[in-house]
Amino acid sequence: MMYTPIEILALILIIISGIKIITILINPSIWLNKVVKKVYVGKKTTFIFLVLALIILYFLLQELTIVQILSVMLFTAFIFGIGFSIHSKELIKLADQIFKNKNIVKSNWVPIIIWIILLLWGLKELFF
């Protein structure tokens with residue numbers, strides 16, 4: 001059976017998420033120590049995630065519009081919000097620490113630029 005790029009991306013998400021959930025159900029510290037602490041360390045991670053995001057966006061745009069993608073992002077944000085709300089006290093403490101940094105915009109310029117581009121692109125598609 002031949003899969004479309006969108007189906008392949010969905011399968012990748014299903015496999016990785018399934019492995020994550022099973023691992024966390026069996027032993028959460030394995031996920032933390034073997035994956036999270038290794039993947040999310042260093043400036044290379046930001047670059048790798050940026051490249052992967054651009055590749056995935058390219059494939060998504062073969063079948064979807066930016067407006068559809070942004071709509072899915074809104075749905076995903078609410079799913080993440082459910083998970084984050086369970087740990088809101090700890091996350092608010094972390095956010096307080098992060099926002100004490102006077103250079104928060106300077107240290108987060110890459111995601112800020114990406115969001116601005118996506119939002120302007122979405123507005124262009126909706127209104128122009």
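Just so it is clear, the model here is predicted, and its values are computed rather than measured.
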Between [X] and [Y], is there a shared hydrophobic cluster once you connect ILVMFWY residues whose side-chain heavy atoms come closer than 4.5 Å?
X: Leu118; Y: Leu61; value: yes
X: Leu126; Y: Ile117; value: yes
X: Leu11; Y: Leu57; value: no
X: Ile114; Y: Leu74; value: no
X: Val110; Y: Ile56; value: yes

Other residues, nucleotides and ligands only: do more than 12 of their heavy atoms fall within 6.0 Å of CZ on Phe47?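 No.
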Atom [atom1] of [X] and atom [atom2] of [Y]: how far apart are they, to the nearest 0.5 Å?
X: Asn33; Y: Ile30; atom1: CG; atom2: CD1; result: 9.0 Å
X: Tyr58; Y: Gln62; atom1: OH; atom2: CD; result: 4.0 Å
X: Leu60; Y: Gln68; atom1: CG; atom2: CD; result: 10.5 Å
X: Trp121; Y: Ile69; atom1: CH2; atom2: CD1; result: 6.5 Å
X: Ile55; Y: Leu50; atom1: CD1; atom2: CG; result: 10.0 Å

Working note: Leu94 + Glu90, criterion side chain to side chain contact (heavy atoms under 4.5 Å, CB included); need CA distance, chi angles, decisive distance, verdict. CA-CA 6 Å; Leu94 175 61; Glu90 297 87 352; over 6 Å; no
Could you check whether any side-chain N or O of [X] sits under 3.5 Å from a backbone N or O of [Y], counting only pairs where one atom can act as donor and the other as acceptor?
X: Glu63; Y: Phe59; answer: no
X: Glu7; Y: Thr4; answer: yes
X: Ser85; Y: Ile82; answer: yes

Verify whether the ring centers belonging to Phe84 and Phe78 lie closer than 6.0 Å. no
Is any side-chain heavy atom of [X] less than 4.5 Å from a side-chain heavy atom of [Y]?
X: Phe80; Y: Phe75; result: no
X: Thr45; Y: Val41; result: no
X: Leu32; Y: Lys37; result: yes
X: Met73; Y: Leu70; result: yes
X: Ile24; Y: Lys20; result: yes

Have a look at Ile116 and tell me which of Ile113, Leu120, Leu119 forms a side-chain contact (heavy atoms from CB on, under 4.5 Å) with it.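 Testing Ile116 for a side-chain contact (heavy atoms from CB on, under 4.5 Å) against Ile113, Leu120, Leu119 leaves exactly one candidate, Leu120.
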